[in-house]
Amino acid sequence: MQRFGQVVGIKPEHLEEYTRLHAAVWPEVLQKIAECNIRNYSIYHHEGLLFAYFEYHGDNFEADMAAMAADEATQRWWDVCMPMQSPLESRAEGEWWKTIEEVFHTD
């Protein structure tokens, strides 16, 4: 299992709508997340940033993320959500959410 932390900005005028959407994520999007071996997925907000935490339980992260990106329902969901976000300039090439370094963990 791999743990991931990621951040992206949220445009202040969209925070309420983004929160509302995530209170009722489309079932087909949730199904694809599970099919792609993502578990324990949470998104938090703090001062204009969204922080996501999830655990990856598969054995080919790149292939699972490609399958998620190819999913029609996920693409529609992203079409709704991505314009509300502001990606960080420091993100890696090809990233939307910036993957951040874990500096501490305990079970």
When you look at CG of D59, are more than 12 heavy atoms from neighbouring residues, nucleotides or ligands closer to it than 6.0 Å? no
Give, for atom CG of L49 and atom NZ of K98, the distance between the pair rounded to the nearest 0.5 Å. 12.0 Å
Do other residues, nucleotides or ligands put more than 12 heavy atoms under 6.0 Å from E13 CD? yes
Residues at least two apart in sequence or cross-chain that pass side chain to side chain donor-acceptor pair (under 3.5 Å) with Q6, listed by chain then number, are T99
Determine whether a donor-acceptor pair (N or O, by modelled atom type, separation under 3.5 Å) exists between the side chain of R3 and the backbone of F54. no
Quick one: do L15 and V80 end up in the same hydrophobic cluster if we chain Ile, Leu, Val, Met, Phe, Trp and Tyr together by side-chain heavy atoms under 4.5 Å apart? yes
Y53: partners by side chain to side chain donor-acceptor pair (under 3.5 Å), with sequence neighbours left out: E55
Side chain to side chain, M65 and M68, heavy atoms closer than 4.5 Å: yes
If you measure from the Lys or Arg side-chain nitrogens to the Asp or Glu carboxylate oxygens, is any gap between E72 and R76 under 4.0 Å? yes
Side-chain (E17) to main-chain (H14) donor-acceptor, under 3.5 angstrom: no
Pairwise distance CH2(W77) to CD1(I33) - rounded to 0.5 angstrom: 8.5 Å
Does the pair L50 and Y44 meet the rule for a side-chain contact (heavy atoms from CB on, under 4.5 Å), with working shown? CA-CA 6 Å; L50 298 174; Y44 300 83; over 6 Å; no
Separation between CG (N37) and CE (M1), nearest 0.5 Å, reads 12.5 Å
How many angstroms lie between CD in E89 and CZ in R91, if you round to the nearest 0.5 Å? 8.0 Å
How are the rings of F4 and F61 set relative to one another: parallel (under 30°), tilted (30 to 60°) or perpendicular (over 60°)? parallel
Using a 4.5 Å cut-off on heavy atoms from C-beta on, say whether the side chain of T19 contacts that of H45. no
Could you give the distance from OH (Y56) to OH (Y41), rounded to the nearest 0.5 Å? 14.5 Å
Taking all non-hydrogen atoms of both residues, which atom of D64 and which atom of G58 are closest, and how far apart? OD2-CA, 4.4 Å
Less than 4.5 Å apart, any side-chain heavy atom of K32 and any of W26? no
Could you state the interatomic distance from CH2 (W96) to CE (M82), rounded to the nearest 0.5 Å? 4.0 Å
Given the rule that I, L, V, M, F, W and Y join up when any side-chain heavy atoms are under 4.5 Å apart, are W78 and W97 in one cluster? yes
Quick one: does Y18's side chain have a donor or acceptor within less than 3.5 Å of a partner on M84's backbone? no
Do L21 and I43 land in one hydrophobic cluster if side-chain heavy atoms of ILVMFWY residues count as linked below 4.5 Å? yes
